Amino acid sequence: MTTALVAHAAALDAEAPLAHVRQRFLLPAGIVYLDGNSLGPLPAAVPSALHDLVHRQWGTDLIRSWNSNGWWEAPTRIGDRVGRLIGAAPGQTVAGDSTSVQLYNALSAAAALRPDRPYLVTDPGDFPTDRYLTDAVATQLGLEARRVSPADLEDFLEKEGDRVAVVCHSPVDYRTGELHHMAAPTRAAHEAGALVLWDLCHAAGAMPIQLDALEADFAVGCGYKFLSGGPGAPAFLYAARRHHADWRPPVTGWNGHADPFGLHDTYEPAPGIGKARIGTPPILSLLALEAALTVFDDVDMAQVRAKSLSLTGFFLDCAAQLLDGLGFEPVTPAVPERRGSQVSLRHAHAYGLARALESRGVIGDMRAPDLLRFGVNALYTSHAEILSAVTCLREISTTGAYDPTAVAAGAVT
Ligand SMILES: Cc1ncc(COP(=O)(O)O)c(C=O)c1O
Ligand SMILES: Nc1c(O)cccc1C(=O)C[C@H](N)C(=O)O
């Protein structure tokens with residue numbers, strides 16, 4: 001059985017596109033890295049970029065770098081580089097802050113564009129910060145946070161859409177890896193007069209996204225997952241150009257002023273996406289992200305998607321053949337068009353298994369209470385690595401070489 005899988009993996013790797021892109025990353029030897037959906041690996045272009053930033057731009061050019069080295073324009077320049085990966089024409093995307101901050105700013109301002117509607121809709125299964133912030137914005141604006149799953153969203157919009165100000169959903173379920181449609185819910189929201197804010201944390205850089213073509217209103221996402229921008233990398237915020245005249249982000253920092261160095265007494269928002277800027281941008285992290293994004297140079301996102309599906313599909317095939325009868329339940333859909341770029345397996349001892357895998361050089365993670373997660377980045381992962389990871393999981397399970405009593409209390413991953 002394994003011999004056939006080894007041959008199949010070799011054949012798939014031989015024909016897979018993008019094999020040359022792996023060399024754009026500095027991956028440690030002996031590690032199968034399947035946690036890029038939490039923290040992407042180090043792109044090879046980043047160390048030298050940071051060396052120049054620290055020693056020349058900061059150490060030598062000092063304050064002059066805000067002008068001479070493009071620091072001031074970095075949030076919008078890098079925002080537009082991200083924009084090319086999410087189908088956003090230039091001038092609609094800014095990079096900076098965290099996803100949580102961008103989500104708060106975008107959601108608050110979007111809600112204010114629909115002042116006569118009481119509902120902010122979020123997915124009960126979405127990442128917690130999305131639900132926390134939707135609750136907070138609803139409380140601050142005297143609105144009602146409604147939790148509606150992707151499966152129920154279109155029916156809800158048909159029945160109560162005239163009361164919805166904003167729908168805030170993620171196309172990819174961060175726990176199961178299920179991929180939800182974006183076009184139909186966006187259309188349904190617009191038909192009901194509502195706006196849509198997409199959280200692209202698990203989609204940007206992993207698959208083709210076409211925000212302009214979708215007629216999405218707003219979107220946010222983080223820079224440290226499939227964009228491999230590094231720990232704490234800046235997030236991005238997209239605001240469709242049609243909203244720029246009326247959209248008013250509530251966090252009115254001086255960098256978002258129409259004339260920041262005029263140091264005026266009152267706030268006047270910058271035109272366009274510039275009003276989404278808040279305070280002094282994190283230049284060290286922004287320029288690391290900018291260097292990291294070179295891994296996408298000349299890369300066709302359709303090829304990324306095709307290879308991602310080949311890898312995750314192969315993962316599910318290997319699991320079916322090698323983990324059968326060992327207590328694992330795949331929760332990521334087998335249907336390709338419903339699958340993001342990760343595979344999740346349910347197991348009663350998920351945390352102990354994840355730690356045992358890590359001790360053998362296979363790095364995934366787990367999400368409570370019982371999900372093993374394997375993030376698959378098609379830019380550097382091979383089918384042989386997928387087989388190696390599942391084989392390792394089989395060995396750990398069949399030999400009992402893990403602690404079934406281990407729990408994730410206090411763990412940070
Ligand atoms: C779907 C989703 N949204 C938001 C966040 C939060 O992003 P941040 O920690 O950058 O605010 C995460 C992960 O951290 C996430 O997975
Ligand atoms: N943002 C993270 C962090 O600061 C530490 C550890 C993990 C993360 C994550 O990105 C979690 C991730 N959003 C998830 O899908 O669970």
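Bear in mind the structure is a predicted one, so any value in this text is a computation, not a measurement. First listed ligand is number 1; within each ligand, the first listed atom is number 1.
- Across the listed options D199, V172, D126, D199 owns the non-hydrogen atom lying nearest to atom 3 (N) of ligand 1.
- One finds no salt bridge joining R305 and D300 here, because no Lys/Arg side-chain nitrogen approaches an Asp/Glu carboxylate oxygen to under 4.0 Å.
- For ligand 1, the atoms sitting less than 4.0 Å from at least one non-hydrogen atom of T129 are 4 (C), 5 (C), 6 (C), numbered in the order shown with element in parentheses.
- Residue contacts with ligand 2 leave out R175, since none of its heavy atoms falls under 4.0 Å from the ligand.
- Side-chain contact annotation: T294 with D297, donor-acceptor N/O pair under 3.5 Å absent.
- The distance criterion of under 3.5 Å between nitrogen or oxygen atoms is met by R367 with respect to ligand 2.
- Within ligand 1, counting atoms from 1 as listed, the ones closer than 4.0 Å to a heavy atom of S100 are 8 (P), 11 (O).
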Distance-only donor-acceptor pairs under 3.5 Å for side chains of residues 183-191, two or more places apart:
from, atom 1, to, atom 2, distance (Å)
T186, OG1, M182, O, 2.6
T186, OG1, W198, NE1, 3.1
H190, NE2, D217, OD2, 2.7

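- A side-chain donor from one of S310 and H383 sits under 3.5 Å from a side-chain acceptor of the other.
- No part of L103 comes within 4.0 Å of ligand 1, judged by heavy-atom distances.
- Screening residues 281-292 for side-chain hydrogen bond (donor to acceptor under 3.5 Å, both in side chains) gives R77-E290 as the qualifying pairs, with residues at least two apart or on separate chains.
- Checked against a 3.5 angstrom limit, the closest N/O atoms of Y174 and ligand 2 fall outside it.
- Note on R175 versus D365: no salt bridge recorded, every NZ/NE/NH1/NH2 to OD/OE distance being 4.0 Å or above.
- Ligand-side atoms of ligand 1 in range of Y224: 7 (O), 8 (P), 9 (O), 10 (O), 13 (C), 14 (O), range being under 4.0 angstrom from any heavy atom.
- For ligand 1, the atoms closer than 4.0 angstrom to any heavy atom of S98 are 11 (O).
- Not close to ligand 1: Q102, with no non-hydrogen atom less than 4.0 angstrom away.
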